[in-house]
Amino acid sequence: MTAAPGAMSEPDATRVQQEPAERQDFLREIVQQDLAEGRIQQVVTRFPPEPNGYLHIGHAKSICLNFGIARQYGGQCNLRMDDTNPTKEDVEYVDSITTDVKWLIDGWADHCLGLKPVGGVARVQQVNGAEDFHLPGVMPAEAAVCPDVALEPFYASDYFEPLYRYALQLIEKGKAFVCDHTPAEVDEMRGAPDRPGQESRYRDRSVEENLDLFQRMRAGEFPDGARTLRAKIDMGAPNVWLRDPVLYRIRHASHHHTGDDWCIYPMYDFAHGLSDYIEGITHSICTLEFEVHRPLYEWILEALDLPRVHPRQREFARLNVTYTIMSKRKLLRLVQEGHVRGWDDPRMPTISGMRRRGYPAEAVRAFCDRIGVAKRENMVELGLLEHFVRDDLNRRAPRAMAVLRPLRLVLENYPEGQVEEFETVNNPEDAGAGTRKVPFSRVLYIERDDFREVPPPKYHRLSPGVEVRLRSAYLVTCTDVVKDPDTGEVVEVRATYDPATRGGDTPDGRKVKATIHWVSAAHAVDAEVRLYDTLFTVENPDDVPEGQDFTATLNPASLEVLRGCKLEPSLAEAAPGARYQFERLGYFCVDAEDSRPGALVFNRTVTLKDAWAKIEKKQGTAPRP
RNA sequence: UGGGGCGUAGCCAAGCGGUAAGGCAGCGGGUUUUGGUCCCGCGAUGCGUAGGUUCGAAUCCUGCCGCCCCAGCCA
């Protein structure tokens with residue numbers, strides 16, 4: 001059928017429709033539905049790490065999810081320290097967590113997504129004769145338009161008093177009791193998944209006695225472990241988390257945030273849901289292993305008869321990445337046992353490690369967005385993360401020439417003492433990046449990999465008799481090699497240049513198969529360059545033979561330090577953290593910790609894709625180790 | 001063998017009863033003063049499996065198989 005010219009105009013409106021920045025997933029569906037049905041007016045999420053370690057790429061997924069949903073639906077996301085266990089936590093961790101979260105979402109959120117608790121501490125209110133607590137005016141639209149507010153995390157430990165009062169209410173309702181059984185006894189009496197537990201003989205204490213005992217627990221009258229506060233639910237429940245779970249334990253320990261104010265501390269299940277409630281969280285998103293806790297989460301909120309909208313807990317599958325581990329405990333071991341130089345070692349999957357290595361926050365976010373959110377167990381290939389790092393850096397990183405493993409190249413027909421400057425483009429992907437000048441002279445350094453005395457098949461680079469282009473400079477032809485008389489190693493390559501090819505153009509239109517990078521020996525600046533490989537040699541370091549642990553698969557060659565690398569002179573004043581593409585090699589950034597003026601250290605962020613390496617591997621012609 | 005989840009390509013992941021999106025990886029080709037980038041092309045007659053319902057099933061039902069999580073006074 002023939003379409004009339006004017007009849008095609010109606011799709012225009014749909015054509016301009018923008019695809020949403022975030023892709024759809026089952027959690028966003030739930031949020032949308034709650035919004036649509038009016039169950040909530042504004043979405044409030046939270047990212048609740050325990051400050052007992054550094055954040056890693058798995059947390060990044062959760063941060064992107066929680067902050068991403070808040071951003072997408074015009075809501076709020078709170079960074080909350082889930083700090084209810086004083087013996088494991090430290091301010092070092094709250095500081096690093098805060099820094100890392102800010103770094104990850106910086107420039108993404110055009111406002112202060114719920115990082116600041118505007119109202120301060122929780123406030124009390126009378127509702128139906130009982131006390132209720134919430135954070136007044138947490139976020140606020142004002143904060144959203146005020147980019148200057150200090151970004152401060154929330155703390156579950158700021159709610160210890162309200163939490164304590166809720167516990168009292170639970171006791172008054174006859175839904176919690178003080179139990180004197182020892183940890184071993186409680187263990188014994190819990191039963192097993194397929195066998196019901198046994199009720200505590202303290203289960204039927206009077207409300208008065210429970211109140212008295214619990215208050216005395218708080219007053220510090222009992223030693224650690226002597227008593228606990230337990231929920232009175234059902235020792236026969238098939239879900240073991242419903243078998244009268246412990247709500248409070250005694251710990252005479254200083255807390256990083258509350259000091260010595262408390263000697264009883266709430267357990268996760270009690271503190272978490274109520275902290276969510278206090279903050280007005282609408283969607284409490286966590287990982288799959290908490291799915292079995294959900295009935296308890298809901299039981300607590302319902303048992304207390306809380307008047308405001310209850311938060312909803314929903315679960316998603318945690319991220320796993322090949323060649324790495326995600327457990328904080330194991331990462332801690334890597335640090336403590338000295339397998340890495342610290343939490344921010346560029347080989348670590350931590351956010352601080354990735355930052356130091358040069359991964360842009362935008363790339364990490366793009367990765368988190370791409371992997372999606374679902375409930376099935378997954379193991380994402382490291383290559384995907386690297387893809388987004390390259391994709392981002394390719395567009396943004398200025399190019400530079402750097403020779404990592406220098407080999408002298410002497411141009412026999414180039415006048416001794418002569419220096420030329422060539423103008424070269426800073427970033428072919430970004431016309432606005434401008435150009436710079438690179439000095440050229442008779443003695444240069446080229447990459448050892450770019451010369452082979454006997455070239456294998458398909459080798460396009462320099463070898464005797466072959467002509468290649470020196471990027472932005474001249475075409476040169478190899479005439480000879482100089483070898484170390486003892487070892488036979490090639491220590492210098494001799495060549496001639498064609499003066500007619502100035503700038504790299506060929507007036508006669510002839511082609512060369514390779515363009516290689518170079519640095520003028522007399523002008524080069526020296527640097528240390530650190531090359532990184534995966535920390536582990538196997539895709540799943542957790543999946544290791546019986547009797548061994550994950551350290552068995554540590555990669556002994558995960559770090560290679562190169563000294564005496566030769567960089568083009570423009571790099572002399574590279575700023576800490578600055579990222580470059582060293583042409584034909586990869587992306588590198590100035591190490592922000594170890595670089596000093598006059599002593600540059602670069603980290604290799606990621607290599608460029610290397611088609612030649614692939615060919616060579618297939619051919620089996622790769623050189624020495 | 002109790003309870004809770006999950007099975008779509010090598011790795012992620014859409015799909016929500018109307019005839020298998022997309023990305024990464026891989027392979028082939030083109031452009032190229034980075035063996036980079038960019039561009040073009042190629043992959044499931046099939047959705048763990050066996051039945052059933054239906055005009056029609058990855059989507060609904062049933063059985064089976066497989067994998068993950070839960071018995072901390074950790075989170």
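Residue numbers start from 1 in every chain, and the chains themselves are labelled A, B, ... in the order their sequence lines are given, proteins ahead of strands. In this text, all values refer to a predicted model and were calculated from it rather than measured experimentally. Only heavy atoms go into these numbers, but all of them, side chains included; no hydrogens, no water, no symmetry mates.
Remark: A:Cys179 pairs with A:Phe177, A:His181, A:Ser200, A:Tyr202, A:Thr228, A:Arg230 by the side-chain contact (heavy atoms from CB on, under 4.5 Å) rule, at least two apart or across chains. Listed by chain and residue number, A:Arg23, A:Phe388 satisfy the side-chain contact (heavy atoms from CB on, under 4.5 Å) test with A:Arg370 (two or more places apart in sequence, or in another chain). Applying the ring-ring contact (aromatic ring centres under 6.0 Å, His included) rule to A:Phe582 yields the partners A:Phe588, A:Phe602; only residues at least two apart in sequence or on another chain are considered. Applying the ring-ring contact (aromatic ring centres under 6.0 Å, His included) rule to A:Tyr268 yields the partners A:His272, A:Phe290; only residues at least two apart in sequence or on another chain are considered. Among residues two or more places apart in sequence or in another chain, the side-chain contact (heavy atoms from CB on, under 4.5 Å) test is passed with A:Thr506 by A:Leu475, A:Thr501, A:Asp508, A:Arg510.
Across all strands shown, A:Leu470 has no heavy atoms under 4.0 Å from either base or sugar-phosphate atoms. Across all strands shown, A:Arg395 has no heavy atoms under 4.0 Å from either base or sugar-phosphate atoms. Nucleic acid contact for A:Ile371: sugar-phosphate only, since backbone atoms but no base atoms lie under 4.0 Å from a heavy atom of the residue. Within the 4.0 angstrom heavy-atom criterion, no nucleotide atom of any strand lies near A:Glu315.
When distances run from any side-chain atom of A:Glu381 to the nucleotides B:C24, B:U34, B:G35, the shortest one goes to B:C24. Side-chain atoms of A:Arg584 lie closest to B:G35 of the nucleotides B:G36, B:G35, B:C12. For A:Asp194, the listed nucleotide lying nearest its side chain is B:G2; candidates were B:G4, B:A13, B:G2.
Comparing B:A25 with B:C61, their C1' atoms are spaced 38 Å from each other, to the whole Å. Rounded to the nearest Å, the gap between the C1' atom of B:A71 and that of B:G66 is 24 Å.
Here A:Arg390 does not reach the OP1 or OP2 of B:U37: none of its side-chain N or O atoms lies under 4.0 Å away. For the pair A:Arg376 and B:G5, the criterion of a side-chain N or O lying under 4.0 Å from OP1 or OP2 is not met. For A:Arg318 and B:G5, the shortest distance from a side-chain N or O to OP1 or OP2 is not below 4.0 Å.
Remark: A:Arg218 is positioned above the aromatic ring of A:Trp262, its terminal NZ or CZ atom under 6.0 angstrom from the ring centre and at most 45 degrees off the axis.
Residues in residues 184-197 of chain A take part in these salt bridge (Lys or Arg N to Asp or Glu O under 4.0 Å) pairs, two or more places apart or across chains: A:Asp187-A:Arg190. Sequence neighbours left out, the pairs with a member in residues 313-328 of chain A that pass salt bridge (Lys or Arg N to Asp or Glu O under 4.0 Å) are A:Glu289-A:Arg318, A:Arg294-A:Glu315.
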Identify all pairs in which a protein N or O lies below 3.5 Å from an N or O of nucleotides 26-31 of chain B, and state each distance.
| from | atom 1 | to | atom 2 | distance (Å) |
| --- | --- | --- | --- | --- |
| B:G26 | OP1 | A:Lys614 | NZ | 2.7 |

Along nucleotides 68-75 of chain B, 5' to 3', which nucleotides get a B, which get an S, and which get a -, given that the test is a protein heavy-atom distance under 4.0 Å? SSSBSBBB

